[in-house]
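Below: one structure, written as structure tokens.
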Amino acid sequence: MAAFGTVFMPQMIQARFTDNAWSESSVVPSDKIELHAGAHVLHYSSTCFEGLKAFRHEDGSVYIFRMDANIARMKQSSHLLSLPEVDGAMLEKMIIDIVRQYADETPLPPGSMYIRPTHIGTEAAIGKAAVPSLSSLLYVLLSPVGDYFAGGATALRVLLEEDGMRCAPHMGMIKSGGNYASALAPITAARLQHQADQILFCPGGDVQETGAANFILIDGNEIITKALDSTFLHGVTRSSILTIAKDLGMTVSERNFTVTELLERAAKPGTEAALSGTAAVLTPVGTFIHNDKEYKVGSGEAGPTTMRLRQALNDIQWGKAPDPHGWLTKIDV
């Protein structure tokens with residue numbers, strides 16, 4: 001497969017909000033959009049997006065995973081950014097329609113069709129720095145993908161950063177491009193200076209999330225992850241992994257924990273750590289870097305519980321295991 005997210009289907013589906021109403025959706029070329037140079041999004045970052053996947057099962061059928069949760073989060077992000085309200089039923093139909101059009105292009109496992117709904121403010125008004133855009137564009141891109149990390153399930157090197165945050169605290173639960181942009185400089189520096197794959201932001205010692213994924217710690221039969229609040233993204237994959245862990249009889253602890261506790265637990269032989277996300281799925285962490293010292297997480301390799309949880313999630317997505325929570329939506333073709 002090409003690098004994750006660099007290949008796109010030639011068409012996308014879009015709808016526009018003008019004069020207090022949404023247009024009918026339409027399928028258009030995906031290699032360009034028309035925007036005025038003064039569009040609100042280009043100057044004041046009125047933009048949010050989602051990431052979800054469609055999976056091809058062995059019988060050729062195609063299913064979208066947890067579309068309802070992603071639509072709910074997109075509605076929330078749009079509201080918190082003061083963008084026009086997204087019609088959830090309309091967005092669901094747009095996603096289904098464009099996935100159906102390219103159902104035959106959905107890769108077989110371990111690949112998938114990545115789905116990227118995006119909502120941007122389009123009003124041409126550079127004087128509106130403190131006023132919402134009255135018009136917007138909602139579109140859905142498709143990209144056939146393989147693994148997000150080139151090494152697949154290879155254990156990652158993660159720098160623990162206690163001085164900075166991924167984004168402003170009140171923006172954490174919004175899936176907005178600006179949050180990712182604000183993390184780019186420290187992540188780039190971590191790669192150059194420490195050969196790190198990612199940064200785990202721990203402001204004031206509080207373990208939160210990485211630049212592009214949620215973080216979980218596995219200590220024996222217990223999963224520990226930060227309790228949900230407004231400072232970080234409420235990941236759909238995170239929620240799915242925690243639900244599966246409970247189904248498997250594991251103890252799930254959603255609470256605040258510190259870098260000190262993290263490093264103490266990481267030193268134990270059976271401890272595991274992982275990053276969760278739609279793109280990352282569940283990717284193991286083998287090394288923490290803190291204050292220029294390296295700390296091995298457990299064995300330093302992908303741990304058995306991490307891989308068991310990853311496989312359990314994949315098995316549901318790929319139709320190799322039952323879907324007890326009703327997470328899959330079948331696309332009729």
Side-chain angles (χ1 to χ4, degrees), residues 110 147-162 166 187 190 194-202 205-228 232-291 293-318 321:
D147 277 321
Y148 179 68
F149 292 103
T154 302
L156 304 178
R157 293 168 51 84
V158 172
L159 176 70
L160 306 182
E161 173 58 72
E162 295 189 68
R166 174 176 179 261
I187 292 172
H194 302 283
Q195 294 74 56
D197 297 292
Q198 259 292 352
I199 287 181
L200 177 55
F201 291 96
C202 310
D206 177 39
V207 177
Q208 294 189 346
E209 64 182 335
T210 70
N214 291 138
F215 173 80
I216 67 171
L217 182 68
I218 302 170
D219 187 351
N221 197 50
E222 182 183 18
I223 282 188
I224 305 170
T225 188
K226 183 174 171 62
L228 294 177
F232 75 107
L233 194 65
H234 300 180
V236 176
T237 303
R238 171 192 180 278
S239 168
S240 306
I241 290 294
L242 297 186
T243 299
I244 290 171
K246 291 176 183 177
D247 290 345
L248 294 174
M250 296 185 69
T251 299
V252 174
S253 300
E254 296 184 74
R255 62 173 176 82
N256 291 347
F257 60 109
T258 65
V259 169
T260 299
E261 179 183 356
L262 176 63
L263 293 178
E264 287 175 353
R265 288 181 180 265
K268 297 165 64 175
T271 300
E272 303 173 35
L275 308 186
S276 70
T278 300
V281 189
L282 193 63
T283 301
V285 174
T287 304
F288 292 132
I289 306 160
H290 184 245
N291 292 338
K293 289 181 62 178
E294 295 192 5
Y295 299 83
K296 188 166 65 172
V297 183
S299 68
E301 304 296 333
T305 302
T306 298
M307 302 316 294
R308 181 187 182 197
L309 290 168
R310 178 186 171 110
Q311 191 62 53
L313 176 61
N314 282 156
D315 284 348
I316 294 172
Q317 293 170 331
W318 298 338

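The figures that follow rest on heavy atoms only: side chains count, while hydrogens, waters and symmetry mates do not.
- Here the side chains of Val285 and Leu200 are not in contact, with every heavy-atom distance at 4.5 Å or above.
- Expressed to the nearest 0.5 Å, how far CG of Asp206 lies from CZ of Phe257 amounts to 8.5 Å.
- Thr154 and Thr283 get closest at one heavy-atom pair: O-CG2, 4.2 Å.
- With contacts defined as side-chain heavy-atom distances shorter than 4.5 Å, the pair Ile199/His194 does not qualify.
- The nearest pair of heavy atoms linking Leu282 to Leu309 is CD2-CB, 3.7 Å.
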Item to check | Chi angles and distances behind the side chain to side chain contact (heavy atoms under 4.5 Å, CB included) call for Gln195, Thr287 | outcome: CA-CA 11 Å; Gln195 294 74 56; Thr287 304; over 6 Å; no

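- For Phe288 against Ala266, the heavy-atom pair with the smallest separation is CE1-CB, 3.9 Å.
- In this structure, the side chains of Thr305 and Met250 come closer than 4.5 Å at one or more pairs of heavy atoms.
- Side-chain contact check for Asn214 versus Thr225: every heavy-atom pair is 4.5 Å or farther apart.
- Pairs of residues two or more places apart, or lying in two chains, that qualify as salt bridge (Lys or Arg N to Asp or Glu O under 4.0 Å) and include a residue from residues 268-286 are Asp219-Lys268.
- Here the OG1-CD distance, from Thr258 to Glu162, works out to 8.5 Å after rounding to the nearest 0.5 Å.
- Across all non-hydrogen atoms, the minimal contact from Ala273 to Thr306 is O-OG1, 4.3 Å.
- Panel note: side chain Thr237, backbone Ser276; no donor-acceptor pair is recorded below 3.5 Å.
- Atom CZ in Arg166 sits 10.0 Å away from atom CD in Gln208 (nearest 0.5 Å).
- Annotation for Val207 and Phe215: closest pair CG1-CD2, 3.9 Å, computed over non-hydrogen atoms.
- Other residues, nucleotides and ligands contribute more than 12 heavy atoms inside 6.0 Å of the CZ atom of Arg157.
- Arg310 places no side-chain N or O within donor-acceptor distance of the main-chain N or O of Pro284, the cut-off being under 3.5 Å.
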Next on the checklist: Evaluate Glu254 against Leu242 for side chain to side chain contact (heavy atoms under 4.5 Å, CB included), listing each step before the verdict.
Outcome noted: CA-CA 9 Å; Glu254 296 184 74; Leu242 297 186; 3.8 Å; yes

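- Considering NZ of Lys226 and CG of Asn256, their distance stands at 3.5 Å, rounded to 0.5 Å.
- Nearest approach of Ala190 to Leu159, heavy atoms of both residues: CB-CD2, 3.6 Å.
- A donor-acceptor contact shorter than 3.5 Å is absent between the side chain of Asp197 and the backbone of Val158.
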Next on the checklist: Checking Glu222 against Ser253 for the side chain to side chain donor-acceptor pair (under 3.5 Å) test, could you report, in this order, the C-alpha distance in whole Å, the side-chain angles of both residues, the deciding distance, and whether it holds?
Outcome noted: CA-CA 7 Å; Glu222 182 183 18; Ser253 300; 2.6 Å; yes

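- In this structure, a donor-acceptor pair under 3.5 Å is present between the side chains of Gln317 and Asn314.
- Interatomic distance, Leu248 CG to Thr243 OG1, rounded to the nearest 0.5 Å: 11.0 Å.
- Of the inter-residue distances, the one linking Ile224 atom CD1 with Arg255 atom CZ reads 4.5 Å to the nearest 0.5 angstrom.
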